[in-house]
**Q** 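Before I ask anything, here is the structure I am working with.
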There are 2 protein chains.
Amino acid sequence: MSENLGDLYQVKEKMYVATDCIIFGFQNGKLKLLVFKRKVSPLEGEWSLIGSFVRLDEDLEVAGKRVLKESTGLENVYMQQLRTYGKKDRDPGYRCISVAQYALIRINEYDEELVEEHGAKWFEIDQLPLLILDHNQMVHDALLQLKQNARYRPIGFELLPEKFTIPQLQALYEAIYRRELDPRNFRKKVLSLNVLEKLDEKDRSGSKRGAFLYKFNNDNYRDLLESGYNFEIA
Amino acid sequence: MSENLGDLYQVKEKMYVATDCIIFGFQNGKLKLLVFKRKVSPLEGEWSLIGSFVRLDEDLEVAGKRVLKESTGLENVYMQQLRTYGKKDRDPGYRCISVAQYALIRINEYDEELVEEHGAKWFEIDQLPLLILDHNQMVHDALLQLKQNARYRPIGFELLPEKFTIPQLQALYEAIYRRELDPRNFRKKVLSLNVLEKLDEKDRSGSKRGAFLYKFNNDNYRDLLESGYNFEIA
DNA sequence: ACTTTAAATGTACGTTGTACATTTATTTTT
DNA sequence: AAAAATAAATGTACAACGTACATTTAAAGT
């Protein structure tokens, strides 16, 4: 009964529908969030997630991708709906619900100029400022879902560059789970999944010896799923 | 930037916001869904989830509970947001997004008369009729989430009567996971969690010998969580 | 007394998680 | 040229857990 046509006796009122983006990145072993300084009144100068109203002729997901592109310049980014925030008084102005969507981006790929234009800043996840409205709640919920999803789906890889080392991957998981992992067990576990492809290059930024680079092999991942075995890290 | 006040240059258009309820129940070893026959045109007579527009002065969750109460008579029911469906053309009438929420109810508790008034019917999960709009998709997604959630949270218990037998609990999990479980291993596993309280009564509906009734002990469940151990079934 | 039904119980084995210390490759310093 | 410093890479033993599997038991019906 959700469709509106002909529901003559139902209370039928329109409201504003917004979407807000929780943009995660990973850099220097830290999980980060892209936050924006509001340029318009009210709450001008306050920190906020980036968002927009959803247009009448626009799919919800399309609206999320549009917001992301406008603010970071990025397309083809991993994005997923989190949930919808719909307390009647969540926005002190008109009634407005917001569909929160979170994105995982490779920080090195993003358009720095564009981001600066928007008054944006990367904050470490545990040094976030106070955000407007229920945006801190959204981030909190997104972190929880990221934790749950990263365990059984290879979404962590969306946050790393295409080529990455195993210690980098471990640092990412440590940042997501907020606990230390044993390097020997971690390596054994991820390699046992057979979804990493070892390259002949090394990354020397982390140590004198250097660590071998790997890339995620999507075909092998599909094989893993089809074989019935679980992808499960940490 | 989701709030509308003062966003002078943003496109700002209102739309309809509905909520649809995916109502699960469990009876005779089968997982079931409560489906409604539409009483109004268009699509009159078609099967549909039950839903409503969200009112301007109404929280999203409140709208879901209202719909549930109006259609089943039940209050204090487990209910959880699934996700929001927002394709621009999902509803052939006006632009309308729908926040899907799913509920788990004890079939024996619900108000049968009220349900009949609404032209409602319980369908077994794998004998669902064609539903209007994207409602079959919603059910599909809800089933997936139910599977995932039931594994780590004791939401399965919301579908059983307060007192239940271990074979009943096993049948529920078998229905959710759509596979058979070994009775010995299942019993061992659930009892090891220490969240079931054995009663002195038996249920004789299932066999001549009868099976002992248990109830879920919420305090023990909290202890389990705090002790850091995982609730994990099947 | 015998049959029928589903409930209840235990064990052995394989797999996986976990704890833990040393060696290696390379650069930088002396 | 040698030594020091750094993080990467590797293996093993034990505990915990999942899994496969067959028999006995309580009660009702004949």
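Excluded from the calculations below are hydrogen atoms, water molecules and symmetry mates; all remaining heavy atoms, backbone and side chain alike, are included. Below, chains carry the letters A, B, ... as their sequence lines are ordered, and counting in each starts from 1.
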**Q** Taking 4.0 angstrom as the limit, do Arg178(B) and Asp126(B) come out as a salt bridge?
**A** yes

**Q** Under the rule for ring-ring contact (aromatic ring centres under 6.0 Å, His included), what residues qualify as partners of Phe123(B), not counting sequence neighbours?
**A** Trp47(B)

**Q** Looking at the side chain of Lys208(B), which of dC20(C), dA8(C), dT5(C) is the nearest nucleotide?
**A** dT5(C)

**Q** Please list, chain by chain and in numerical order, all residues satisfying ring-ring contact (aromatic ring centres under 6.0 Å, His included) with Phe212(A), sequence neighbours excluded.
**A** none

**Q** On DNA chain D, does the nearest nucleotide to Asp182(B) precede the nearest nucleotide to Asp182(A) from the 5' side, or the other way round? Give the residue.
**A** Asp182(A)

**Q** With sequence neighbours excluded, tell me which residues meet salt bridge (Lys or Arg N to Asp or Glu O under 4.0 Å) with Asp182(B).
**A** Arg184(B)

**Q** How many Å lie between CD1 on Ile166(B) and P on dT9(C), as a whole number?
**A** 8 Å

**Q** Rounded off to whole Å, could you give me the OH-to-P distance for the Tyr214(B) and dA8(C) pair?
**A** 6 Å

**Q** Rounding to a whole Å, what distance do you find between Phe186(B):CZ and dA7(C):P?
**A** 13 Å

**Q** Scan for salt bridge (charged side-chain N to carboxylate O under 4.0 Å, His left out) pairs involving residues 66-82 of chain B, sequence neighbours excluded, and state none if there are none.
**A** Glu58(B)-Arg66(B), Arg66(B)-Glu70(B), Lys69(B)-Glu75(B)

**Q** So which protein nitrogen or oxygen atoms get under 3.5 Å of nucleotides 21-24 of chain C's nitrogens or oxygens?
**A**
from, atom 1, to, atom 2, distance (Å)
dA21(C), N7, Arg184(A), NH1, 3.3
dT24(C), O2, Arg209(A), NH1, 2.6

**Q** Between dA7(D) atom P and Lys202(A) atom NZ, what is the distance in whole Å?
**A** 15 Å

**Q** To the nearest Å, how far apart are Leu193(B) CG and dG18(D) C1'?
**A** 14 Å

**Q** Donor-acceptor pairs under 3.5 Å, side chain of residues 27-36 of chain A to any protein atom, not counting sequence neighbours: which ones?
**A**
from, atom 1, to, atom 2, distance (Å)
Gln27(A), OE1, Lys32(A), NZ, 3.4

**Q** If you find the nucleotide of DNA chain C closest to Asn185(B) and the one closest to Arg204(A), which residue's nucleotide is nearer the 5' end?
**A** Asn185(B)

**Q** Grab the CG-C1' distance between Leu169(B) and dA7(C) for me, whole Å please.
**A** 15 Å

**Q** Over all strands shown, is Arg187(A) touching base, sugar-phosphate only, or nothing at heavy-atom distances under 4.0 angstrom?
**A** base

**Q** Could you pull out the closest heavy-atom pair between His118(A) and Leu114(A), with the gap in Å?
**A** ND1-O, 2.9 Å

**Q** Give me the distances for all protein-to-nucleotides 12-17 of chain C N/O pairs that come in under 3.5 Å?
**A**
from, atom 1, to, atom 2, distance (Å)
dG17(C), OP1, Lys189(A), NZ, 3.1

**Q** Would you list the pairs meeting salt bridge (charged side-chain N to carboxylate O under 4.0 Å, His left out) in which at least one residue belongs to residues 199-216 of chain B, sequence neighbours left out?
**A** Lys163(B)-Glu201(B)

**Q** Which residues pass the ring-ring contact (aromatic ring centres under 6.0 Å, His included) test with Phe157(B), not counting sequence neighbours?
**A** Phe164(B), Phe216(B)

**Q** In this structure, how many angstroms lie between the P atom of dC17(D) and the CG atom of Asn230(A), rounded?
**A** 18 Å

**Q** Expressed in angstrom and rounded to an integer, what is the separation of Leu181(A) atom CG from dA8(D) atom P?
**A** 14 Å

